[in-house]
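Because only heavy atoms are used, hydrogens play no part in the values below, and waters and symmetry mates are left out as well, while side chains stay in. Numbers for residues simply follow the sequence, beginning at 1.
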Amino acid sequence: MRYSSGRTYSIAVHDDAQADLDRIYEEDEDAAADIEVFLEEAKNNQETLDNLTRKGYVQYGDQPFDVKEWERAKRLKYNLWRLRLLWLGGAAAKYRIIYAFHPIEHRYYVLGIVERNFNYDPQHERSKQILAAYDLLDIPDRKSTRLNSSHLV
């Protein structure tokens, strides 16, 4: 997905994701700090934000990461993504950041920070919590967003 350079995007951490981060701080302070630093730096880096919805995207450099869609959720019309921080080693490498993109607000919402072995089945309890948080954000589905934006041109 490409964005015009005139738009700025933002990132917000949902309360559920903040609770995940707090829990990770209790278990592994270094891992939690690395995740928090990445999120803070992403807030101020439009290039990073521009790439968070590019399926299969890998960013190299000081803080490499890769991006994937949550395929099962996509089939249910959710615009959810998974971010893996590639520079994290040891126990920290086991975490994934789950987020959604709200195209009208131009905002990424971090909805959860889960372990690598997270069960992406939409019927799993943690998945249900993430999907419920998504629903409360009233994010339009991709199809209706494309239709609405085509009328603006």
Side-chain angles (χ1 to χ4, degrees), residues 1-3 9-45 47-146:
M1 180 179 291
R2 293 268 173 192
Y3 308 116
Y9 295 82
S10 63
I11 191 167
V13 178
H14 188 274
D15 290 343
D16 293 344
Q18 186 60 53
D20 292 336
L21 191 59
D22 293 344
R23 179 188 46 80
I24 296 167
Y25 263 111
E26 293 174 8
E27 298 170 6
D28 185 342
E29 189 173 340
D30 290 338
D34 282 340
I35 293 167
E36 189 167 31
V37 165
F38 174 82
L39 292 172
E40 285 300 317
E41 290 183 4
K43 286 181 182 181
N44 299 313
N45 187 325
E47 183 178 347
T48 296
L49 294 174
D50 286 347
N51 291 314
L52 291 181
T53 52
R54 289 184 59 200
K55 184 178 179 179
Y57 178 78
V58 178
Q59 178 170 303
Y60 300 97
D62 293 339
Q63 292 184 330
F65 63 86
D66 74 355
V67 172
K68 289 187 180 176
E69 284 183 282
W70 180 349
E71 292 294 335
R72 288 183 180 174
K74 180 181 176 182
R75 285 179 278 214
L76 298 172
K77 307 299 184 209
Y78 291 95
N79 188 8
L80 285 161
W81 298 80
R82 183 278 287 157
L83 182 75
R84 179 173 58 138
L85 303 176
L86 299 172
W87 82 89
L88 296 180
K94 69 181 180 180
Y95 296 105
R96 305 294 185 260
I97 299 169
I98 306 295
Y99 59 96
F101 179 64
H102 196 302
I104 295 170
E105 295 178 2
H106 306 295
R107 179 170 295 136
Y108 294 94
Y109 285 96
V110 177
L111 300 177
I113 303 170
V114 299
E115 293 191 11
R116 179 180 69 211
N117 61 357
F118 172 66
N119 184 343
Y120 287 90
D121 181 347
Q123 297 307 311
H124 184 268
E125 285 307 311
R126 184 64 174 106
S127 295
K128 287 180 182 180
Q129 182 184 16
I130 291 169
L131 297 177
Y134 182 104
D135 287 337
L136 290 174
L137 293 170
D138 199 27
I139 297 173
D141 67 37
R142 294 175 185 196
K143 187 176 182 180
S144 66
T145 303
R146 275 195 300 265

More than 12 heavy atoms of other residues, nucleotides or ligands under 6.0 Å from CD of E27: yes or no?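 Buried by this count: over 12 neighbours within 6.0 Å.
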Is the number of heavy atoms from other residues, nucleotides or ligands under 6.0 Å of K128 NZ greater than 12?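 Counting other residues, nucleotides and ligands, NZ of K128 exceeds 12 neighbours.
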Check whether Y99 reaches the backbone of I11 with its side chain - one donor and one acceptor, N or O, closer than 3.5 Å.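 No, Y99 side chain to I11 backbone: no donor-acceptor pair under 3.5 Å.
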For A32, is there any backbone N or O sitting under 3.5 Å from a side-chain donor or acceptor partner on Y95?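 Not at all, since once roles are kept as given, no pair shorter than 3.5 Å links the two residues.
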With rounding to the nearest 0.5 angstrom, report the [atom1] to [atom2] distance, [X] to [Y].
{"X": "L85", "Y": "R96", "atom1": "CG", "atom2": "CZ", "value": "8.5 Å"}
{"X": "E69", "Y": "R75", "atom1": "CD", "atom2": "CZ", "value": "11.0 Å"}
{"X": "R72", "Y": "W70", "atom1": "CZ", "atom2": "CH2", "value": "9.5 Å"}
{"X": "D22", "Y": "E36", "atom1": "CG", "atom2": "CD", "value": "8.5 Å"}
{"X": "E47", "Y": "L49", "atom1": "CD", "atom2": "CG", "value": "10.5 Å"}
{"X": "Y57", "Y": "D66", "atom1": "OH", "atom2": "CG", "value": "11.0 Å"}

If we only count heavy atoms from C-beta on, is the [X] to [Y] side-chain gap below 4.5 Å?
{"X": "Y78", "Y": "I130", "result": "no"}
{"X": "V13", "Y": "L39", "result": "yes"}
{"X": "Y108", "Y": "V110", "result": "no"}
{"X": "L111", "Y": "D16", "result": "no"}
{"X": "T48", "Y": "K43", "result": "no"}

Listed by chain and number, what are the side-chain contact (heavy atoms from CB on, under 4.5 Å) partners of H102, not counting sequence neighbours?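 Result, side-chain contact (heavy atoms from CB on, under 4.5 Å) vs H102: I104, E105, Y109, I139, P140.
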Apply side-chain contact (heavy atoms from CB on, under 4.5 Å) to A132 and list each qualifying residue two or more places apart in sequence or on a separate chain.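 side-chain contact (heavy atoms from CB on, under 4.5 Å) check on A132 returns nothing, list empty.
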On the 0 to 90° scale, with breaks at 30° and 60°, tag the F65-F38 ring pair as parallel, tilted or perpendicular.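 Rings of F65 and F38: perpendicular, over 60°.
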Check against side-chain contact (heavy atoms from CB on, under 4.5 Å), R54 and Q59: CA-CA 11 Å; R54 289 184 59 200; Q59 178 170 303; over 6 Å; no
Please lay out, stage by stage, how D20 and R126 fare under the test salt bridge (charged side-chain N to carboxylate O under 4.0 Å, His left out). CA-CA 11 Å; D20 292 336; R126 184 64 174 106; 2.3 Å; yes
Which atom of V67 lies closest to which atom of N51, heavy atoms considered: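 Minimum heavy-atom separation between V67 and N51: CG2-O, 3.9 Å.
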Check residues 113-123 and write down every donor-acceptor pair under 3.5 Å in which the side-chain atom is one partner and the other belongs to a residue at least two apart or another chain.
| residue | atom | partner | partner atom | Å |
| --- | --- | --- | --- | --- |
| N119 | OD1 | D121 | N | 2.9 |
| D121 | OD1 | Q123 | N | 2.9 |

Lys/Arg N to Asp/Glu carboxylate O, R23 vs E26, below 4.0 Å: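 Looking at R23 and E26, the cut-off is not met.
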